[in-house]
Amino acid sequence: MAKLYYLLVSARPRQWLKNLAVFAAIFFDGRLANREDFKTVTFVFIIFCLLSSAIYLINDVVDIAADQVHFSKKERPIAKGLISRNLAVFTSVLLLTAALLTALQISDLVFLSALVFVTVQLFYSFSLKQIILLDVLTIAATFMLRVFAGSFAINGPLSAWLILTVMMLSLFLAIGKRRSEVTLLSHRQAAVHRKILSHYPLNLLDGLVFMMATATLLTYSLFSFNTGKAISTNLVGSFLPTTLSNPRWLMITIPVVVYGIFRYLYLIFEEKEGESPEKVLLSDFPLFSSVLVYGLVSFTIIYIFNA
């Protein structure tokens, strides 16, 4: 039972939040209430959770020496020797096999997305994470693959602006993570933990963080402008003056997105957080609230106002 518990800890269930990206296409396409579509995408979510956990196990085996000298990662079960490397690798192979076989049952394209996701993640674990800039671009690619897989599962349309938004947002989070790692560790400690960190000048990371924050706002604004339809013909539109009858109402969420990005920037630069984006999301009440408000407002616009 102890080994099962440590395996679950090593699987990093908190990281499964990233796999919610598979619901992006079905959510913004207004098909979340379709039971069959929702069921299918939920299976895709589970598949990517299994794949992610399998990769984390492999990554912990590969990084065991570096994790043992990290101030917090040294507490991971594999780094502490609570789980053997052989058990971790065996469990990883089991999870990968189960996930890929399940993906094949959904569709060939979902299987291909999952297979490419695993391949990219393995390249990242063994080599790409040691190459400056390619490491963060690889992380962005994995988020895009999640979005594509969710869209392939329901055979639905996928906005190019949504893909760009996901790419910019994932780059923003990945670069913010790198900056937090560098600031939390000295350059000497950073080089021991992860050699690539010693090649990232802090001023470069600062510039990239602000660049990606700006790009995220721009691409999301364009996505919201090109998504949905005017509501002048529905119940809500009948009560509005002509001036307000034609806007794309998803643009109402832009201020919420602006606040969320500003809050995350504050956490990175002032609170020195960001090393673990999912932990920041769950622990920072203002940021979590902004995400919740965004979800509720978007759901209301798309599913209740049908806009």
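Between Y124 and I55 the shortest side-chain heavy-atom distance does not fall below 4.5 Å. I261 is listed as a side-chain neighbour of V257, based on a closest heavy-atom distance under 4.5 Å. Counting heavy atoms from C-beta on, the side chains of V291 and Y294 never come closer than 4.5 Å. In this structure the side chain of Q121 never reaches within 4.5 angstrom of the side chain of V116, judged on heavy atoms. Residues D108 and L104 have side chains in contact (heavy-atom distance under 4.5 Å, counting atoms from C-beta outward). Residues M167 and T219 are not in side-chain contact: their nearest non-hydrogen atoms beyond the backbone lie 4.5 Å or more apart.
A centroid separation of 6.0 Å or more is found between the aromatic rings of F210 and F172.
A salt bridge is absent between K39 and E36; no separation between the charged side-chain nitrogens and carboxylate oxygens falls under 4.0 Å. Electrostatic pairing of D60 and R12 counts as a salt bridge here, judged by a charged N lying under 4.0 Å from a carboxylate O. Taking 4.0 Å as the cut-off between side-chain N and carboxylate O, D284 and R263 count as a salt-bridged pair.
A donor-acceptor pair is defined here as one N or O able to donate and one able to accept, closer than 3.5 Å; no such pair exists between the side chain of S92 and the backbone of A88. Between the side chain of R179 and the backbone N or O of N203 there is no donor-acceptor pair closer than 3.5 Å. Put simply, the side chain of Y303 gets close to the backbone of L32: a donor and an acceptor are under 3.5 Å apart. Counting only distance, with no hydrogens or angles, the side chain of D135 and the backbone of L133 share a donor-acceptor pair below 3.5 Å. Listed for the Q68 side chain is no donor-acceptor partner under 3.5 Å among the backbone atoms of K74. Side chain of T253 to main chain of V256: no donor-acceptor pair is present (N/O by atom type, distance under 3.5 Å, no hydrogens or angles). For the pair Y56 (side chain) and Q15 (backbone), a donor-acceptor distance under 3.5 Å is absent. T216 places a side-chain N or O within donor-acceptor distance of the main-chain N or O of M168, the cut-off being under 3.5 Å. Panel note: side chain S10, backbone P77; no donor-acceptor pair is recorded below 3.5 Å. Judged purely by atom type and a 3.5 angstrom limit, S53 has no side-chain atom pairing as donor or acceptor with the backbone of L50.
The cationic group of R35 does not satisfy the cation-pi geometry with F38, failing either the under 6.0 Å distance to the six-membered ring centre or the 45° limit from the ring axis.
Across all non-hydrogen atoms, the minimal contact from G150 to V44 is N-CG1, 4.4 Å.
Around CG of N34, the count of heavy atoms belonging to other residues, nucleotides or ligands within 6.0 Å exceeds 12. The environment of OH in Y259 is crowded: more than 12 heavy-atom neighbours from other residues, nucleotides or ligands sit within 6.0 Å. Atom CZ of F288 is surrounded by 12 or fewer heavy atoms from other residues, nucleotides or ligands within 6.0 Å.
Note on V209: it does not cluster hydrophobically with L218, by side-chain heavy-atom contacts below 4.5 Å among ILVMFWY residues.
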